[in-house]
Student: 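Could you have a look at this structure, given as structure tokens, before my questions?
Chain identifiers are assigned alphabetically (A, B, ...) following the order of the sequence lines, protein sequences preceding nucleic acid strands; residue numbering begins at 1 within each chain.
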Protein chains: 2
Amino acid sequence: MVDMPVGHRSYGQACPVAHALDLIGERWALLVIRELRLGPRRYADLQSALPAISPSVLAQRLRDLELAGVVRKRTLSAPIRAQLYDLTPWGADLEAVFVALARWGNQSPHTPLTGELSDDTVMLGLRTFFRAGPAQWNATFQIHLEHESYHLRVRRGRLVELARAEPPGPVDAVISTSRAVLHALLTGALDNNSARASRQISSTGDSTAVDNLLATLTRPASPT
Amino acid sequence: MVDMPVGHRSYGQACPVAHALDLIGERWALLVIRELRLGPRRYADLQSALPAISPSVLAQRLRDLELAGVVRKRTLSAPIRAQLYDLTPWGADLEAVFVALARWGNQSPHTPLTGELSDDTVMLGLRTFFRAGPAQWNATFQIHLEHESYHLRVRRGRLVELARAEPPGPVDAVISTSRAVLHALLTGALDNNSARASRQISSTGDSTAVDNLLATLTRPASPT
DNA sequence: CCGGATCCTTATAGATACTG
DNA sequence: CAGTATCTATAAGGATCCGG
């Protein structure tokens, strides 16, 4: 096993769970990684997404996660010269852990959840709770929320991409709505027909594709 | 949302992942829960399974997890009068999180893992990496390792129960082996034919059932 | 500005001893 | 056996500062 950075506590067990927690179990670590699930971010982006983390802890976590091989730091070439953090392929494999944690957290008896709710959180809810559709369904979307825009790609009924980005090419439909409305759809507090009827969701492009997408989101239970 | 215990830090985000980490994200919490995955334990059992945890931290975690609704504390009636900790149904739902974490940890570039390796860890590896067999396969087993005995039940090709226990009734086969041998089988360092040939695994009862079980364990990759 | 480093204070974890 | 009490060592939280 590769040595841990000095000064790092390890659980000292030859158990894959303990090992995983040695790498990503410290306070804030998984939330930093979570911020990178929808695409690369800069240091300042992470700070504003996680206002309660202190700069020293954020810097420490990024260093540790980079050393662990979960996060990668890139410096964009001139004239941009910005530093970006993103997930390594192995870091992106934490997706299954996030899905399991989110589904479990959603079953919590301590609901409803309170606190900050960001555009990213709602979109990640969409990713976590997206249900596969018919195998012949292929579509691309752009979704605009208040502060961010996202690109979705559905292939064979499955959500194969969801990232913070302007679409690389033409999309089948562009959807504009608010964080609150999308959140209400995901939690089941609102159904897609009434949302569209009351013009809380607007779209341009292939409206059948939009209907299909909204249909996979409406749920019986109540995620967040 | 139900109030957190006073003095408890919360991430303060309305995100199911952040909420889950508020409840089970503190140091040692998931490892304490892990020790309960194979059945109830007493305080002293937990201490010896996690020798590096201090008594005050263990007591604190048990209190917090009980308050969170993940762990339950029971006092056995007279004349036993022992106190047992076990998982609530919702706590047991963390199974999916453990499986995801264990699979991720196993793909770590920092392997091979070093440190303590307990009977429980190896048996949990069996649970994590058990591959479903034919739907008509039903069987029960008892497995003896060095220090513990376990009860397994396979129904319709799936592992529906694996707990630290003497079997409640007759089993199809009783298997005796060592932690090291079972671990080697799971990691692929040893194959079941040579293990049985060299008598590192012995069994009584239905030997076809034993063959079927060992066949699901032998793997191409290398878990721990 | 952005990307941190530094300093100081507070909260938690770790170690050891001890008690109902 | 099942913890609590006490003390020390680290890590996190918060404010400020600094170099590119």
Student: Between B:R63 and D:dT4, does any side-chain N or O lie under 4.0 Å from OP1 or OP2?
Tutor: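 Affirmative; the distance criterion is met.
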Student: To the nearest Å, give me how far apart CZ (A:R61) and C1' (D:dA12) are.
Tutor: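 Going from CZ in A:R61 over to C1' in D:dA12 covers 8 Å.
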Student: For A:Y43 and D:dC18, what is the distance between atoms OH and C1' respectively, to the nearest whole Å?
Tutor: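 Value for this atom pair: 14 Å.
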Student: Identify every side-chain donor-acceptor pair in residues 170-177 of chain B under 3.5 Å, counting partners at least two apart or on other chains, and give the distances.
Tutor:
unit_1: B:D172; atom_1: OD2; unit_2: B:T140; atom_2: N; d: 2.9
unit_1: B:T177; atom_1: OG1; unit_2: B:Q200; atom_2: O; d: 2.9

Student: Have a look at B:R81 and say if it touches a base, only the backbone sugar-phosphate, or nothing, with a 4.0 Å heavy-atom cut-off.
Tutor: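 Nothing: the residue B:R81, judged by heavy atoms under 4.0 Å, touches no strand.
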Student: When you look at A:R179 and A:T121, which way does the side chain to side chain donor-acceptor pair (under 3.5 Å) test go after all the steps?
Tutor: CA-CA 9 Å; A:R179 173 173 62 215; A:T121 297; over 6 Å; no
Student: So that I can tick it off, tell me whether A:E161 and A:R155 are bridged by a salt bridge, with the cut-off set at under 4.0 angstrom between side-chain N and carboxylate O.
Tutor: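 A:E161 and A:R155: not salt-bridged.
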Student: By nearest heavy atom, map A:W28 and B:L84 onto DNA chain D; which one lands nearer the 5' end?
Tutor: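 On the 5' side of the pair lies B:L84.
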Student: Can a side chain N or O of A:Y85 be found less than 4.0 Å away from OP1 or OP2 on C:dG4?
Tutor: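 Looking at the OP1 and OP2 atoms of C:dG4, one of them is under 4.0 Å from a side-chain N or O of A:Y85.
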Student: Between A:Q83 (CD) and C:dC1 (C1'), how many Å, whole number?
Tutor: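 That distance rounds to 14 Å.
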Student: How close do A:L30 and A:I24 get, heavy atom to heavy atom, and via which atoms?
Tutor: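 Answer, listing the atom of A:L30 first, then A:I24: CG-O, 3.7 Å.
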Student: Looking only at side-chain atoms of B:V57, point me to the closest of C:dG14, C:dT16, D:dA12.
Tutor: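 The nucleotide sitting nearest to the side chain is C:dG14.
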Student: Using whole Å, what does the distance between atom C1' of nucleotide C:dA13 and atom CG of B:D64 come to?
Tutor: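 So the two atoms are 13 Å apart, to the nearest Å.
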Student: Closer than 4.0 Å, any side-chain N/O of A:R27 to the OP1 or OP2 of C:dT12?
Tutor: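 So the side-chain polar atoms of A:R27 never come under 4.0 Å of the phosphate oxygens OP1 or OP2 of C:dT12.
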Student: On the six-membered ring of A:Y11, is B:R27 placed so that its NZ or CZ lies under 6.0 angstrom from the centre and within 45° of the ring axis?
Tutor: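 Yes, a cation-pi geometry holds between B:R27 and A:Y11.
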Student: Would you call B:R37-B:E95 a salt bridge at under 4.0 Å N-O?
Tutor: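 A salt bridge links B:R37 with B:E95.
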Student: Does the side chain of A:Y11 get closer than 4.0 angstrom to OP1 or OP2 of C:dG14 through an N or O atom?
Tutor: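 Answer is no, no contact under 4.0 Å.
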Student: Check the distance between C:dT12's P and B:R9's CZ and give it to me in whole angstrom.
Tutor: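 These atoms are roughly 5 Å apart.
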Student: Any Lys/Arg nitrogen of B:E148 or B:R41 sitting under 4.0 Å from an Asp/Glu carboxylate oxygen of the other?
Tutor: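 Yes, B:E148 and B:R41 are salt-bridged.
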Student: Just to be sure I understand the rule, does B:E26 reach a base, reach only the sugar-phosphate, or reach nothing, if contact means heavy atoms closer than 4.0 Å?
Tutor: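 Sugar-phosphate, no base atom in range.
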Student: Between atom CG in A:L76 and atom P in C:dG3, what is the gap in whole Å?
Tutor: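 After rounding, the gap between these two atoms is 11 Å.
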Student: Whole-Å distance between D:dT4 C1' and B:Q47 CD?
Tutor: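 That distance rounds to 12 Å.
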Student: If you write DNA chain D from 5' to 3' in dot-bracket form, with Watson-Crick or G-U pairs under 3.5 Å, [ ] for crossing pairs and | for pairs with another strand, what do you get?
Tutor: .|||||||||||||||||||
Student: Within this structure, what is the CD-to-P distance between B:Q60 and D:dT6, rounded to whole angstrom?
Tutor: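 Result: 16 Å.
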